[in-house]
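A short write-up of the structure that comes next.
Whatever order the structure lists them in is the order used to number ligands and atoms, beginning at 1. Position 1 is the first residue of the sequence; numbering continues from there.
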Amino acid sequence: MLYGPRDVRFEERPDPTIIEPTDALISLPITCVCGSDLWPYRGIAPIDGPTPMGHEYVGIVEEVGSEVRLIEPGQFVVGSFFASDNTCEICRAGYHSSCVNRQPGAPTGSQAEYARIPLADGTLVATPGMPPEDMIPSLLAASDVLGTGWFGAVAAEAAPGKTVAVVGDGAVGLLAVLAAKQLGADRIIAMSRHESRQNLAREFGATDIVSERGEDGAARIKEMTGGLGAHSVVEAVGTQESMMQAIRATRPGGHVGFVGVLHDVEIPGEEFFFSHVHLHGGPAPVRRFLPELIELIWERKIDPGKVFDLTLPLEEVAEGYRAMDERRAIKTLLRP
Ligand SMILES: [Zn+2]
């Protein structure tokens, strides 16, 4: 539970129950802290009283409501941070995170042993069977950071023949590197100043590392691309500096996929008009990509769970937030 800025507490709470007939209840073998949890943690995104935290989840279905048809108790499932019906026009177009029936994916908070998941049939995707224990962190990564990095790379139109630059070396940025590699990009430039994150970026497929940021970072990308800029840039931070760095590092006709939650960002209209850069992003429709991502993980073609570099018991959740806030950890895994 988050009580206020930098005040996360582990406490006993009543187990969630089925409320709507379309709900499922899941038990979570592991859970985690998200970079976006740091916005309310730092007091930048205000909260309205004590708030249950966590929106990334995988788990075993314990119980389903009377109208759930596709999801059954005993299945291992992956969902995402928004619940969606998977049937409306917006979902069918692949934009589940703007579903007409959109609601929080884990309203009871998923940094917990149990969670209630609304619209279970539309939101949850079952794995082919019970996953081996070492695969579960990668499935948990698919729930948000992998799905979000993947959307960033898709929105930036990463593809064979292209140079992709990634702004941001958090879990989402690192997994956007992995996604760009899977999507066949020729050259992948990770922008990072931290050695351990640079190493992971290389492991995920980065061909080049750029440590400059802001204006200097954009200039460096242009220098490396014959003065033109990258074809595709993924923005995975969400600040004024990082967004402008992404736009300015992109060549005319190129694409920015922005997936860092934007906070107080203003894009100068005239500069943008003359840039000829496509901008596409927003809250990632992770549900669109889940079947494909689960398959890649199941076949052990990708191992996105490597972004978890700190594991703690759920009771020590406060230290998990602190470590990420101080950038001592890329992403904290919690064991209930
Ligand atoms: Zn929908």
Quick check on the Zn ion (ligand 1): does H96 put an N/O/S atom closer than 2.8 Å to it? no
Pair S192-Q198, side-chain donor/acceptor within less than 3.5 Å: no
Identify, by name, the N, O or S atom of D85 lying closest to the Zn ion (ligand 1). OD1
With the 4.5 Å side-chain cut-off for hydrophobic clustering, are F10 and Y321 part of the same group? yes
With no hydrogens and no angle check, do the side chains of E157 and S232 hold a donor and an acceptor under 3.5 Å apart? no
What I want to check is whether the side chains of Y3 and E11 have a donor and an acceptor closer together than 3.5 Å. yes
Taking 2.8 Å as the cut-off, does E89 contribute an N, O or S atom near the Zn ion (ligand 1), distance below it? no
